[in-house]
There are 2 protein chains.
Amino acid sequence: MRKYIVFISIIFAVFSLGLLASSIEKKEAEKKSLNHVSGVPTEPGKSSDWKPFYPRQYETWKKTSEKKEYVDMFDVKPKVAILRAGEDPTGAWWGHGRGHWYSNIDMMFNIITGAPNNPQDLEEWPPARCLSCHSGDTIRLMERDGKMEFYSKPLSYYAPEAQNPIGCQDCHDPKTAELSMKRDYLDKGLLSAGMKDFNSSTHQEKRSLLCAQCHVLSYTGKEEWTDKQGNKQLARTIVLPWAKGLSMEETEAYYDDPKNFPDGKPAVHIENTFSKAPTILAEHPDYELYQKGTHAKNNVACADCHLPYTQEGGVKFSHHKIGSPLENMDKTCLTCHKGKEQELKSIVKDKKGKVTKLTHTGLENLSKAHLEAAKAWEVGAKDKEMEPILKLIRKAQWRWTYVDSSFGAYMHATDESLRILAEANDYAQQARIELVKVLLNHGVKNYVAPDFKTKEEVFKFMNVPEREALIKEKCDWIKSTGKKWLKDAKANGTISEDVEKKDDVFTWFDHMCK
Amino acid sequence: MRKYIVFISIIFAVFSLGLLASSIEKKEAEKKSLNHVSGVPTEPGKSSDWKPFYPRQYETWKKTSEKKEYVDMFDVKPKVAILRAGEDPTGAWWGHGRGHWYSNIDMMFNIITGAPNNPQDLEEWPPARCLSCHSGDTIRLMERDGKMEFYSKPLSYYAPEAQNPIGCQDCHDPKTAELSMKRDYLDKGLLSAGMKDFNSSTHQEKRSLLCAQCHVLSYTGKEEWTDKQGNKQLARTIVLPWAKGLSMEETEAYYDDPKNFPDGKPAVHIENTFSKAPTILAEHPDYELYQKGTHAKNNVACADCHLPYTQEGGVKFSHHKIGSPLENMDKTCLTCHKGKEQELKSIVKDKKGKVTKLTHTGLENLSKAHLEAAKAWEVGAKDKEMEPILKLIRKAQWRWTYVDSSFGAYMHATDESLRILAEANDYAQQARIELVKVLLNHGVKNYVAPDFKTKEEVFKFMNVPEREALIKEKCDWIKSTGKKWLKDAKANGTISEDVEKKDDVFTWFDHMCK
């Protein structure tokens with residue numbers, strides 16, 4: 001009996017060893033095939049075409065769809081509506097970024113892109129430049145039609161074949177799979193700032209610069225050109241305001257300098273309905289703020305934390321679920337910070353708390369400044385009295401939106417965020433001090449601006465009856481045109497296989513359009 | 001000939017080897033003797049008694065005398081005089097910390113300690129509690145006379161035998177040379193905050209707690225007691241305001257809570273001459289702010305950066321030139337931060353720049369708030385109108401002084417310093433908004449508070465004729481009593497040998513009293 005047991009054990013052991021050897025061999029082969037930059041032998045527009053070659057990268061990229069809930073940020077910070085009063089359309093949905101998977105749909109289905117019916121009407125539709133940071137089809141379309149042609153079309157022109165979210169081809173060359181950057185405006189921006197262009201940068205720098213394709217300040221440039229048929233065209237391009245440098249003050253100076261704009265005036269993104277202040281609205285200076293932080297100073301690239309190296313058996317790959325590094329700290333923070341996970345989390349929480357508190361204080365005072373200025377106009381304030389005040393509000397609004405709009409500002413550059421928010425609040429308070437004087441000069445004592453707890457209260461006060469109508473219009477539009485575009489993209493074969501099944505889009509739609 | 005060269009070379013090599021072996025042996029012996037905690041077989045009051053046993057520690061401690069220049073901080077920030085108006089005596093010299101070597105002399109020779117002649121007069125003289133953080137004789141005197149006796153005497157009573165600066169015995173047990181803490185109020189403070197007392201703390205914690213003997217918030221407690229002869233005595237003790245916790249808000253709440261004070265009112269350090277605001281003046285919450293910073297959170301002790309381990313041949317010792325860690329970054333920052341020295345320095349410079357800028361903004365607005373409040377009183381403002389404003393000024397002043405008075409706040413806790421300064425400025429600006437209204441209610445339009453560039457301008461405006469007289473009085477006093485105390489200490493043998501030769505004290509005196 002014992003003999004048999006020994007014999008069977010030996011057979012089992014030998015077999016197991018064989019299995020193990022085979023498994024190691026397989027992993028090794030896979031490792032070779034994956035670490036070898038092989039390229040994708042097909043159309044670059046569809047991320048699903050990359051799936052057989054990069055299954056792990058693809059599967060993790062797909063996980064950017066996991067955060068399904070759509071948050072209307074006006075619910076979180078209703079008073080931002082005061083700051084954005086004057087934006088067209090007023091009181092747009094202001095969605096919190098849900099992850100790259102939703103980059104396209106969340107832009108197209110947002111109120112701000114409207115619900116127009118004529119796809120050719122550039123005036124009615126936003127320009128195709130919106131697609132550049134929201135659609136994974138941009139590079140394919142630009143290469144096919146030409147860059148200037150692309151920029152001269154409305155979003156709607158390309159929409160039926162631009163339904164993919166940001167994907168593989170936005171950062172990788174389809175021939176070699178190497179890091180690749182094809183958005184010309186980034187190189188222009190870098191060179192204007194006296195920096196190296198993408199191709200002259202190191203691999204480690206490229207691992208941040210690819211994010212800087214979109215996570216930067218930008219505005220719509222207008223460029224006239226003549227097409228092959230000799231027709232005059234107007235391209236609505238993307239410009240990064242970096243010619244004086246990347247810092248908060250330097251980009252502010254850029255927008256303040258009339259020389260940078262065709263109409264010879266400082267930039268104005270919104271003339272505020274209440275204060276009439278000509279404000280510039282910073283939108284996600286993520287790369288710019290990151291540059292000011294400890295991680296950048298220590299040569300930590302965006303990808304080190306947001307696309308961390310991950311080991312699966314013998315295979316090392318870059319985890320493409322771009323999102324919070326706190327979700328897998330063993331692969332991100334803990335690689336360098338040898339502390340305990342909970343302690344690090346509590347440090348992050350503390351940083352976030354500090355920035356959130358100053359954000360709140362700044363918003364309180366800046367929104368009050370707008371409303372107090374409105375009152376001043378109402379009681380007959382003169383341009384001369386208001387001019388210095390509006391300048392202060394402009395400075396405050398630039399600073400406040402600079403930090404508030406930047407994803408993860410509290411973590412990318414805590415010090416810088418805090419000092420910018422402190423300045424924002426100081427300018428808002430300076431404006432308010434002057435406003436008390438102006439109001440009193442016009443006979444108004446102890447004016448107290450209205451206060452709001454919810455977005456409903458703000459929008460009611462703002463007298464925006466069209467907000468409800470706009471939401472209804474957009475919801476109807478999604479049911480018709482929006483859904484049709486998805487069907488078109490499926491029919492013309494441009495949509496990535498998993499994206500075309502995205503029912504969760506409509507879960508969100510059901511929630512927002514109920 | 002060649003033979004001789006070879007022969008001589010061999011002899012030389014053998015001899016050198018012998019020398020090296022002997023040197024190694026010597027270093028090893030020294031290493032044993034030094035790493036062995038041996039204790040000092042003599043009176044603990046004189047640091048020079050420790051010199052033969054700890055020559056390296058002693059020599060580096062002596063180097064704290066190297067920064068001889070005395071900076072009157074009113075030259076750097078003249079408007080602080082507005083914040084401190086009402087302090088007795090007004091417009092005291094406000095010296096920048098020159099290092100432990102000068103801890104005693106800079107306190108005794110400062111205007112604020114006065115120039116009284118009767119050494120027994122407690123009312124005229126500051127209490128002996130000042131010596132606790134300024135003189136290295138404190139522990140010896142307390143042990144000799146008793147703690148309560150010590151606290152019940154004026155500074156002048158002990159001065160002739162308390163001329164040593166902070167030294168060896170302030171942190172080390174004279175019997176074992178181990179880390180030792182004998183200032184009872186620190187343990188009381190720690191326990192009141194629900195923390196471990198010194199002896200229950202780890203060695204690493206002790207390496208910070210020893211600094212917390214003095215580098216903390218504190219105030220003068222009054223404690224009645226009966227001496228051995230049955231006489232009622234009043235001790236003026238040291239209390240740390242930590243019973244609600246160590247944070248800025250918690251210590252503020254402590255000072256705001258009437259229950260903590262015998263007269264049943266919130267603490268007031270200075271009733272400001274201008275605004276009449278009952279302010280609390282934070283003085284160097286260094287340990288408290290350090291606790292909020294990244295270094296503390298990573299278990300880096302004060303001593304790791306300020307008394308770094310140093311290698312001299314085979315001997316490792318703690319470098320006792322307590323000061324800026326930037327002076328020997330190879331032993332401090334670079335131990336953990338593997339970056340380049342220049343890069344780290346530029347990061348430190350950036351942090352300092354941010355904190356300095358917000359400090360400046362806060363001081364501008366807070367000093368204006370005091371002056372605008374003065375104007376409001378002048379034109380007949382009522383208590384009821386002013387009460388909420390004075391509360392705002394109190395909050396602003398607490399926060400601003402909290403950061404400004406703390407040594408190295410920008411480095412110990414950058415985030416925390418920035419957010420506290422941002423709050424300080426916000427409260428100052430809130431006060432100023434309300435002050436515009438009060439002033440207008442009393443018929444004053446567009447009041448602009450006076451501005452100042454130099455301390456001379458401020459003191460002239462403040463109408464402090466006695467400042468010049470006080471300086472003269474103190475200078476005369478130094479020539480007589482001040483110098484006499486040094487001679488007394490030399491005669492009675494209590495002064496450390498190198499300290500008694502401190503001519504540089506009088507270099508400073510020549511500068512200040514010219």
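Note on naming: letters A, B, ... go to the chains in the order of the sequence lines (proteins, then strands), and numbering restarts at 1 for each one.
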Any B:Gln429 side-chain heavy atom under 4.5 Å of A:Arg432 side chain: no

Taking C-beta and beyond as the side chain, do B:Leu418 and A:Asp415 meet within less than 4.5 Å on heavy atoms? yes

Sort A:Asn365 into side chain, backbone, both or neither according to what part of it lies under 4.5 angstrom from a heavy atom of chain B.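 Side chain of A:Asn365 only, per the 4.5 Å heavy-atom cut-off to chain B.
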
Side chain, backbone, both or neither: which part of A:Lys437 has an atom under 4.5 Å from a heavy atom of chain B? both

[X] atom [atom1], neighbour heavy-atom count above 12 within 6.0 Å:
X: B:Lys340; atom1: NZ; result: no
X: B:Lys297; atom1: NZ; result: yes
X: B:Lys196; atom1: NZ; result: yes

Please list all pairs passing the side chain to side chain donor-acceptor pair (under 3.5 Å) test where one or both residues lie in residues 328-337 of chain B, with sequence neighbours left out.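 Residue pairs with at least one partner in residues 328-337 of chain B: there are none.
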
Check each atom of [X] against the heavy atoms of chain A and say whether the ones under 4.5 Å are side chain, backbone, both or neither.
X: B:Asp426; value: both
X: B:Lys338; value: neither
X: B:Leu358; value: side chain
X: B:Lys354; value: side chain
X: B:Glu434; value: neither

Could you check which of B:Lys292, B:Lys351, B:Glu343 has the highest count of heavy-atom pairs closer than 4.5 Å to chain A?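 When all of B:Lys292, B:Lys351, B:Glu343 are compared, B:Lys351 has the most.
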
If you count heavy-atom pairs under 4.5 Å with chain A, which of B:Lys357, B:Gln430, B:Glu416 comes out on top?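 Most heavy-atom pairs within the cutoff with chain A belong to B:Glu416.
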
Using 0.5 Å steps for rounding, measure from the OG1 atom of B:Thr361 to the CG atom of A:Asn425.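 B:Thr361 OG1 to A:Asn425 CG: 11.5 Å, rounded to 0.5 Å.
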
Best-contacting candidate, A:Leu344, A:Asn441, A:Asn298, against chain B by heavy atom pairs under 4.5 angstrom: A:Asn441

Just to verify, what does B:Tyr309 make a ring-ring contact (aromatic ring centres under 6.0 Å, His included) with, not counting sequence neighbours? none

